[in-house]
Amino acid sequence: MSAYTNFRFETDADGIALATWDMPGRSMNVITMAVMDELERIVQAVAGDAGIKGCVITSGKEAFSGGADLTMLQGLGAEYEKLKATAGEEEAMRFFFDGARRLNLVFRGLETCGKPFAAAIHGLCLGGAFELALSCHHRVLSDDDKTRVGLPEIKVGLFPGGGGTQRVPRLMQTGDALQMLFKGEQIRAPMAKGMGLVHAVTKREDIVETAKAWIRDGGSAVAPWDVPKFKPPSGKVYSPAGMMIWPPANAIYRRETHDNYPAAKAILHSVYEGLQLPMDLALKVESRYFTNILRTKEAQAMIRTLFISMGEINKGARRPKDVPPTKLKKIGIVGAGFMGAGIAYVSADAGMEVVLVDQSLEAAEKGKAHAQKLVTDRVNKGRAKAADRDALLARIHASDAYTDLAECDLVIEAVFEDPKVKAEVIAKVEAVIGEGAIFASNTSTLPISGLAKASARPKDFVGIHFFSPVEKMLLVEIIKGAETGDRAIATALDFVRAIKKTPIVVNDSRGFFANRCVIAYLDEGHRMLAEGVPPAMIENAGKMAGMPVGPLSLNDEVGIDLGLKILKATEAQLGPDAVDPTQKALLTELVENQGRLGRKNRKGFYDYPEGGQKRLWPALKEMQATRLPADAIDVGELKLRFLVVQALEAARTVGEGVITDPREADVGSILGFGFAPFTGGALSYIDFMGPKRFVALARDLEAKHGARFAVPETLSAMAESGGRFYDALKKAA
Ligand code: NAD
């Protein structure tokens, strides 16, 4: 029987050991307690056997490994609180520190065991797994396009706590190291070699042999930083060169994070302090920061939403169980405009046959030309081959004949946002498609149940709402109309997964989910403008709150005219009290009198000079009836208003039954409109703050700023009973 469960271990005739990481019953290797134990034993076995010269670590799976098991880390915050209550804070801290330290001790043990270790890597090698590779004395990558290395921990609110913050800055210039740690990007093999992260890149089938040859040829078992007189590539921290790096690094950190991400700050500290210490002490410093970060609510929230919930959603948590999987071969798209062309491109890119129909062949061809441009850009950047482009384009059939849709499994309409036009299209499509086919509308504002009235088969009618630009945005809303059946939902979900996007299922309502929340953000920006807040301050407060762009900037991207159109439609439907008169006056002046539509005509809240950088329109200030002095404004309150107003709208969608699963609101809010990711999403923002505190805060804002901050009944009841949005989910589990 093998001595290991998660590794195969064998030694060849030259005395070189091969540890093949291959966890039973899992498609991907992950670092668990058991893996750490076995690695430690492997190191001991290699070090203690005079017949073994060194060891190569590789993977028996398609990828090397995705890193630490985050589900294992997820519960740690709660675990800490429990321990603190029972054994006291000091004991709880010690327990945590020892746990965090474990990985570092195992890897450092490998690095200093006296025998050379080499990593032979194919496929993904991320996070803790790449830190394992960094503690090996030599690294060989396959030249396959699927091979990527990196330390993406920052993306879930963590930081590399397995030596990453110490080994990376000892391999490259400090500025480059900080960038790599802050961005958390996946790095392809040639780039990794160029950065000095790995030593060799070769064909997949040769990686193990290349790594073994390095050991056979006398590869050193001493890491560069353990060689006496080692100097980090950027020299000492306290040196003229160091002083060129650290003050700007601090400023860049502030600019990029607005101090919202404790993990980013911890990276900065860990690198700065660690570079001044020998490796063993430096790793201890790293572990201390890691211990603190594990307990932050930001890490807990981001791991929950961006790793666990997103994984569950992508694996079909919301898919109706009784419907067998659908295999979509041929997709129809009617309307080859801005959205239709994008949908055609992503569908063809995923290998589906696409029939793209518009009113004329010329219009349909224009849509196809858009796909051609997108894929050609990829070819030019070296991200696709010419043959891939030709194959993709061959899959898109542009047409003006509805009869060409006959064989499609799913038809998506993206024609003008006009119920009459849509009704005509629905009838024409249903006249030609087969019985099993599903019809979907990409409408952004028209309720699905209303549109389905034009359908003879409302069970097979569903909303599939894309965001623009389709090829970039990762979220898709699937809208369930009053009569939409399970098969339509399941087909829509299977389609969205096939094009590698993340779907959320929402019930029908005006604006569905994401647009309702994002409109609240844009509105708040308009209101601040009307109150007299300087425009630049509005934009900065939005970004300081954690949003990717300021509300005025975002409004320019969407189109100011669209905002006015929606406002007028709301007024027509719900009466004059439903809209804010100052906002209406502002948008009317901008659109109708000044002709400022947004980025599309280079004139919006910003000016977009040809070839130059955009800048706030100088005359915007003159449109403000009052102008508050900057000193009189509480920026903290502006930030709160931005997040609270969106979170309240998200809570309303829960109260109204539009959102039925908090995971979808959280994932949807981050992927759909960039809701401050450090909060874990719009509902997690409330849950982690504590609903009671949130409700009190919203009531204060309501007293000061009006009814849009009114707390929905369901939320105040939940707060009073001490509940949270995720309680129902926990009970169901
Ligand atoms: P668009 O004006 O760019 O494209 C509409 C296309 O539909 C045009 O090419 C037009 O020729 C075609 N068309 C109109 N009537 C037709 C008919 N009877 N048969 C065949 N083709 C017809 O519009 P768009 O921005 O792509 O929006 C399309 C839909 O997507 C709308 O329902 C819109 O609300 C929705 N949507 C838009 C966005 C966005 O950001 N633009 C985002 C999400 C959803």
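In this text, all values refer to a predicted model and were calculated from it rather than measured experimentally. Whatever order the structure lists them in is the order used to number ligands and atoms, beginning at 1.
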Should D508 and K480 count as an ion pair when the cut-off is N to O under 4.0 Å? no

Is any side-chain heavy atom of F673 less than 4.5 Å from a side-chain heavy atom of L475? no

Output field: ring centroids Y521/F642 closer than 6.0 Å: yes

Enumerate the protein residues lying less than 4.0 Å from ligand 1, judged by heavy-atom distances, in chain and residue-number order. V334, G335, A336, G337, F338, M339, D358, Q359, Y402, A414, V415, F416, E417, V421, K422, V425, N442, T443, S444, H465, F466, S468

Non-hydrogen side-chain atoms of L643 and F675 separated by less than 4.5 Å: yes

Steps toward ring pair (Phe, Tyr, Trp, His ring centres under 6.0 Å) verdict (F512, H465): CA-CA 9 Å; F512 315 126; H465 180 219; 5.5 Å; yes

Flag side-chain contact, heavy atom, 4.5 Å: S347 against R395: no

